[in-house]
Student: 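Handing you a structure now.
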Amino acid sequence: MKLIHIGVGEAADERFPNNSHLIHSKTNLLLDCGYSVPRQLWKYTDERDFLDAIYISHRHADHYFGLPALLVRMAEEQRTKKLTIVCQKGVKKLIEEIIKLGYSKLQERFTFPFSIIEVQAGEDLTLNELKLTFAPTIHPVPNLAVRVTDNKHSVCYSGDGQFTPETEKLYENCDLLIQETFFFEQEKQGHSSIKKTIEMAERRKIRALALTHIHRSCRRDKKEEIKKAMKDSTIKVILPEPLDVFKL
């Protein structure tokens, strides 16, 4: 298993594509698909049948508005492999609506089996060799963090939101946690901070922590503070760039 950081930016960042990450295994799983993600994914691979599944953490535009573009290219290139979208309960209808808003008759053009599976916190979902488990975070709209395991390695992805006791338990002892961290130490409702996240990751014995979704002003103005916090941590902390690869 390896992890490719497709995008690491927040919603309005002019430099970094939306927060999105690719688990590359026997089963290839994309974690979130915001409006700036498809072009970034196509830089990594233009293979029409590459993706097996897409996980959508919540219903904010920078996490799922890229789906119409991704799906229309699959249809144009006559994809044949089944594609599964996984989302929390209540989001399936929104995904179907945005596909129709983007291209009204797109699903009629699909040349591949297509399904949307809804999940909820505490559930397990099996996608071939991958097991997905979910827990809620604190965010303005419901968001589910996910832990993905292949019986050997584990990757956790927060989506957006401050961690909760449930998410801390979900993250414990994972090989890699990809956590959104909006500001350095300021607590913004519905978002994590870099300082608190590093403390939590150390407490939960997480092996490696990737800081993503950082506010553009924080990236610009808090560079030295971020570097020092990463260096001083007792665990491995990384600040990934788009298309960086993390091997597990």
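Position 1 is the first residue of the sequence; numbering continues from there.
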Student: Flag the pair Lys82 / Phe114 as yes when at least one side-chain heavy-atom distance between them is below 4.5 Å, and no otherwise.
Tutor: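 No. Closest side-chain heavy atoms not under 4.5 Å.
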Student: Quick one: side chains of residues 122-147, donor-acceptor pairs under 3.5 Å with protein atoms, not counting sequence neighbours, listed by atom name and distance.
Tutor:
from: Glu123; atom 1: OE1; to: Gln120; atom 2: N; distance (Å): 3.3
from: Glu123; atom 1: OE2; to: Gln120; atom 2: NE2; distance (Å): 3.4
from: Asp124; atom 1: OD1; to: Thr133; atom 2: OG1; distance (Å): 3.0
from: Asn128; atom 1: ND2; to: Thr27; atom 2: OG1; distance (Å): 3.1
from: Glu129; atom 1: OE1; to: Thr27; atom 2: OG1; distance (Å): 2.6
from: Glu129; atom 1: OE2; to: Ser25; atom 2: OG; distance (Å): 2.9
from: Glu129; atom 1: OE2; to: Lys26; atom 2: N; distance (Å): 3.3
from: Glu129; atom 1: OE2; to: Thr27; atom 2: N; distance (Å): 2.9
from: Thr137; atom 1: OG1; to: Asn143; atom 2: ND2; distance (Å): 2.9
from: Thr137; atom 1: OG1; to: Asp160; atom 2: O; distance (Å): 2.7
from: His139; atom 1: ND1; to: Gly190; atom 2: O; distance (Å): 2.8
from: His139; atom 1: NE2; to: His60; atom 2: ND1; distance (Å): 3.2
from: Asn143; atom 1: OD1; to: Ser57; atom 2: OG; distance (Å): 3.3
from: Asn143; atom 1: OD1; to: His58; atom 2: ND1; distance (Å): 2.8
from: Asn143; atom 1: OD1; to: Asp160; atom 2: N; distance (Å): 3.2
from: Asn143; atom 1: ND2; to: Ser158; atom 2: O; distance (Å): 2.9
from: Asn143; atom 1: ND2; to: Asp160; atom 2: O; distance (Å): 2.7
from: Arg147; atom 1: NH1; to: Leu170; atom 2: O; distance (Å): 2.5
from: Arg147; atom 1: NH1; to: Glu172; atom 2: O; distance (Å): 3.0
from: Arg147; atom 1: NH2; to: Ser154; atom 2: OG; distance (Å): 3.3
from: Arg147; atom 1: NH2; to: Glu172; atom 2: O; distance (Å): 3.4

Student: Report the residues that fulfil side-chain hydrogen bond (donor to acceptor under 3.5 Å, both in side chains) with Tyr64, sequence neighbours left out, ordered by chain and then residue number.
Tutor: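 Expected list: none.
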Student: Could you check if a side-chain atom of Lys231 sits within less than 4.5 angstrom of a side-chain atom of Val237, using non-hydrogen atoms only?
Tutor: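 Of all side-chain heavy-atom pairs linking Val237 with Lys231, none is under 4.5 Å.
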Student: Please enumerate all residues that pass side chain to side chain contact (heavy atoms under 4.5 Å, CB included) together with Tyr103, with sequence neighbours excluded.
Tutor: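 For Tyr103 the side chain to side chain contact (heavy atoms under 4.5 Å, CB included) partners, ignoring immediate neighbours, are Pro68, Val72, Leu106.
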Student: Is any side-chain heavy atom of Leu70 less than 4.5 Å from a side-chain heavy atom of Met74?
Tutor: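 Leu70 reaches Met74 side chain to side chain.
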Student: Which residues pass the side-chain hydrogen bond (donor to acceptor under 3.5 Å, both in side chains) test with Ser193, not counting sequence neighbours?
Tutor: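 Ser193: side-chain hydrogen bond (donor to acceptor under 3.5 Å, both in side chains) contacts with Glu187.
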Student: For the residue pair Arg207 and Ile235, establish whether any side-chain heavy-atom pair is separated by less than 4.5 Å.
Tutor: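 A side-chain contact is absent here, since even the closest heavy-atom pair is not under 4.5 Å.
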Student: Considering only heavy atoms from C-beta outward, does the side chain of Ile85 approach that of Ile117 to under 4.5 Å?
Tutor: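 Not touching, per the 4.5 Å side-chain cut-off.
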Student: Taking side-chain hydrogen bond (donor to acceptor under 3.5 Å, both in side chains) as the cut-off, I'd like each qualifying pair that reaches into residues 214-227, sequence neighbours left out, listed once.
Tutor: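 Applying side-chain hydrogen bond (donor to acceptor under 3.5 Å, both in side chains) to every pair that reaches into residues 214-227, excluding sequence neighbours, yields Glu10-Arg216, His215-Ser217.
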Student: Please collect all ring pair (Phe, Tyr, Trp, His ring centres under 6.0 Å) contacts where either partner lies in residues 25-50, sequence neighbours excluded, each pair once.
Tutor: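 Qualifying pairs: His24-Phe50.
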Student: Quick one: salt bridge (Lys or Arg N to Asp or Glu O under 4.0 Å) pairs with a partner in residues 85-109, sequence neighbours left out?
Tutor: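 Salt bridge (Lys or Arg N to Asp or Glu O under 4.0 Å) check on residues 85-109 returns no pairs.
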Student: Taking the side chain as C-beta and beyond, is there a heavy-atom pair between Asn18 and His63 under 4.5 Å?
Tutor: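 They are not in side-chain contact.
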Student: Within the supplied structure, the quantity of interest is the number of heavy atoms (other residues, nucleotides, ligands) at a distance under 6.0 Å from Arg15 CZ; does it exceed 12?
Tutor: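 Counting neighbours around CZ of Arg15, 12 or fewer heavy atoms of other residues, nucleotides or ligands fall under 6.0 Å, so no.
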Student: When rounded to the nearest 0.5 angstrom, what distance separates CG in Leu30 from CG in Leu83?
Tutor: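 Spacing of CG (Leu30) from CG (Leu83) equals 9.5 Å.
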Student: Working to the nearest 0.5 angstrom, can you tell me the gap between Thr212 OG1 and Phe182 CZ?
Tutor: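 One gets 11.5 Å once the value is rounded to the nearest 0.5 Å.
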Student: Going by distance alone, is a donor N or O of one side chain under 3.5 Å from an acceptor N or O of the other, for His213 and Asn19?
Tutor: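 Judged by distance alone, the side chains do not pair up.
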Student: Would you mind reporting whether Leu176 and Leu3 have side-chain heavy atoms less than 4.5 Å apart?
Tutor: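 Counting from C-beta outward, Leu3 and Leu176 do come under 4.5 Å.
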Student: Can you tell me how far apart OG1 (Thr197) and CZ (Arg204) are? Round to the nearest 0.5 Å.
Tutor: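 Spacing of OG1 (Thr197) from CZ (Arg204) equals 13.5 Å.
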Student: Check side chain to side chain contact (heavy atoms under 4.5 Å, CB included) between Asn151 and all other residues, then give those that pass, not counting sequence neighbours.
Tutor: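 Partners of Asn151 under the side chain to side chain contact (heavy atoms under 4.5 Å, CB included) test: none.
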Student: Side chains of residues 240-248: which donor-acceptor pairs under 3.5 Å do they make with residues two or more places apart or in other chains?
Tutor:
from: Asp244; atom 1: OD2; to: Glu241; atom 2: N; distance (Å): 2.8

Student: Could you check if a side-chain atom of Asp13 sits within less than 4.5 angstrom of a side-chain atom of Val8, using non-hydrogen atoms only?
Tutor: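 Heavy-atom side-chain distance check fails, nothing below 4.5 Å.
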Student: Regarding Gln179 and Ser192, do their side chains bring together a donor and an acceptor under 3.5 Å, going by distance alone?
Tutor: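 Indeed, the side chains of Gln179 and Ser192 share at least one donor-acceptor pair under 3.5 Å.
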Student: Going by salt bridge (Lys or Arg N to Asp or Glu O under 4.0 Å), name the pairs with one or both residues in residues 68-79, residues two or more places apart or in two chains.
Tutor: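 Sorted pair list: Arg73-Glu77.
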Student: If you look only at pairs with a residue in residues 34-61, which of them pass as a salt bridge (Lys or Arg N to Asp or Glu O under 4.0 Å), with sequence neighbours excluded?
Tutor: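 Qualifying pairs: Asp52-Lys81.
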Student: Side chain to side chain contact (heavy atoms under 4.5 Å, CB included) with Gln186: which residues, sequence neighbours excluded?
Tutor: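 Counting only residues at least two positions away or on another chain, Gln186 forms a side chain to side chain contact (heavy atoms under 4.5 Å, CB included) with Phe183.
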